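Remember, it's a predicted structure, so these values are computed and weren't measured experimentally. Numbers restart at 1 for each chain; the letters A, B, ... are given by sequence-line order, proteins then strands. Quick note: numbers below take in every heavy atom, side chains included, and nothing from hydrogens, waters or symmetry partners.
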There are 2 protein chains.
Amino acid sequence: MRISELARRSGVPIGTVKYYLREGLLPAGEPTAATQAQYGEEHVARLALIRALLGTGGLSISTARAVLAAVDDPALSPHDMIGAAHSALPTMAENERPDLSTAQAHLRRWEWQVHEDSPAVSSMAQGLQALQAAGFDTPDQMLDRYARAAYELGEQDVADVPMDSPAEAVRYVVIGTLLLEPVLLALRRLAHEDVSARRLSS
Amino acid sequence: MRISELARRSGVPIGTVKYYLREGLLPAGEPTAATQAQYGEEHVARLALIRALLGTGGLSISTARAVLAAVDDPALSPHDMIGAAHSALPTMAENERPDLSTAQAHLRRWEWQVHEDSPAVSSMAQGLQALQAAGFDTPDQMLDRYARAAYELGEQDVADVPMDSPAEAVRYVVIGTLLLEPVLLALRRLAHEDVSARRLSS
DNA sequence: CATTCTTAGACAGCTTAACTTTCCAACTAC
DNA sequence: GTAGTTGGAAAGTTAAGCTGTCTAAGAATG
């Protein structure tokens, strides 16, 4: 198919498709002439993924490019893959240098085997710092609960990764990590609603 | 203190402080003359909260204004309060009208008592839709796990809300809901790291 | 073959958000 | 009284993510 059909099929405006091509998010089609190229089903699927990353995933163009590069990568070992995927994932404002010590102390308490300079540690540290700055107390007991819940999810997430095809595994990790996040957050808010509704009616 | 000291104490540039005043995020100081006003400790704390909401919380100016309005509100019943806080919270692109039926089916399965038109339902639906569009399968079993984890957190979160002062309760709900989110997401990613590290070394 | 439509690619322009700078008259501190 | 600071308004800036315009080259149709 040509660009206008690709745009129609994917629901993405033609100018935007060109923009994604230019930005290197969408691979170029098979050129048939100087001013013509063919696109396939994989381009339609890719556009859906791009829109999911940019929209729901909340990624910037440049971060999405990095994430998609990881998805495209022939891939490494299962473990390195998760690391590569995570480091491509967004980490909020990285110009800030939060104090990692509190976060690291918790991680040691839980005996989690993580890189001390993992981007997620910075995220966690920044989150804790923001809570403290906002005057919100985070007792160990509360963080322990969050850690346990996160760990149970993480265990299953990793177990669910399809290990047969490396390419499929990276894709699974990247998409699953990123796009399940808004679902998890929404579920927590819905749980708040339900719990408070039940308390009220009891 | 006057504006320059407020700016220095809070670490927020003076021009930005004026901007927040203009945007109604920061209440005006006590005017002492036509071109002079006094600010207090509460302004310093408020600026810290504003920066936490805009930075780590990822809110836009207008959403932050709504959230802060909820925080300032004399407050309603404990339950309405959570609802008010949630509806002030961000819901991603609200121009999109995702298909709610799948999300609602899950909620019915879990027998959660939530408003069908709650913003969190849209968030959840949008998240599920993005996953599907990206070709990521979300079996009931997986969502059940996420729901259970979210519910356990939500139960404790609600139990932790200080019910003595309504004003303090709203503040707690808003900040706790919003600013614990990045921490939860970071913990999930760190759990992925730990689990995959353990699998590798075993 | 002639006419009309579509295309790739380059590039300039647009829109929104969040600041940031400039300005000025009114004050304050020395 | 003179140098510096302030509140408030308004214009300017920057970056991100598109969107529109243009041009020469092909495609589609009769």
Practice item. Give the intermediate values and the outcome of salt bridge (charged side-chain N to carboxylate O under 4.0 Å, His left out) for residues R9(A) and E41(A). Key: CA-CA 10 Å; R9(A) 290 266 315 271; E41(A) 288 306 315; 2.8 Å; yes

Point to revise | With Y172(A) via ring-ring contact (aromatic ring centres under 6.0 Å, His included) - residues at least two apart | key: F136(B)

Practice item. Let me know the distance between CG of L6(A) and C1' of dT6(C), rounded to the nearest Å. Key: 15 Å

Review point. Rounded to the nearest Å, what distance is computed from the CE atom of residue M1(B) to the P atom of nucleotide dT28(C)?
Key: 18 Å

Review point. In whole angstrom, what separates K18(A)'s NZ from dA12(C)'s C1'?
Key: 14 Å

Point to revise | Protein-nucleotide distance (L26(B), atom CG; dG7(D), atom P), rounded to Å | key: 11 Å

Point to revise | Flag for Y39(B)-R46(B): side-chain donor and acceptor within less than 3.5 Å | key: no

Review point. Between I14(B) and R2(B), which has a closest nucleotide on DNA chain C that is more 5'?
Key: I14(B)

Practice item. For DNA chain C, determine which residues of residues 30-41 of chain A have any heavy atom closer than 4.0 angstrom to one of its atoms, and list them numerically. Key: T35(A), Q36(A), A37(A), Y39(A)

Practice item. Rounded to the nearest angstrom, tell me the gap between atom CD in E23(B) and atom P in dA10(D). Key: 14 Å

Practice item. Check whether any side-chain N or O of R65(A) sits under 3.5 Å from a backbone N or O of G24(A) as a donor-acceptor pair, and report yes or no. Key: no

Review point. Would you call E193(B) and R189(B) a salt bridge, taking side-chain N to carboxylate O under 4.0 Å as the test?
Key: no

Review point. Nearest 0.5 Å, what's the CG-CG distance between L59(B) and L53(B)?
Key: 5.5 Å

Practice item. Please say whether more than 12 non-hydrogen atoms of neighbouring residues, nucleotides or ligands are located less than 6.0 Å from CD in E42(B). Key: yes

Exercise for review: Determine, for nucleotides 11-19 of chain D in 5'-to-3' order, which nucleotides have protein heavy atoms under 4.0 Å from the base (write B), from only the sugar-phosphate (write S), or from neither (write -).
Suggested key: ------BBB

Check your understanding: Are the charged groups of R198(B) and D194(B) less than 4.0 angstrom apart, N to O?
Key -> yes

Review point. Roughly how many Å is it from CD1 in I3(B) to C1' in dC27(C), rounded to a whole number?
Key: 15 Å

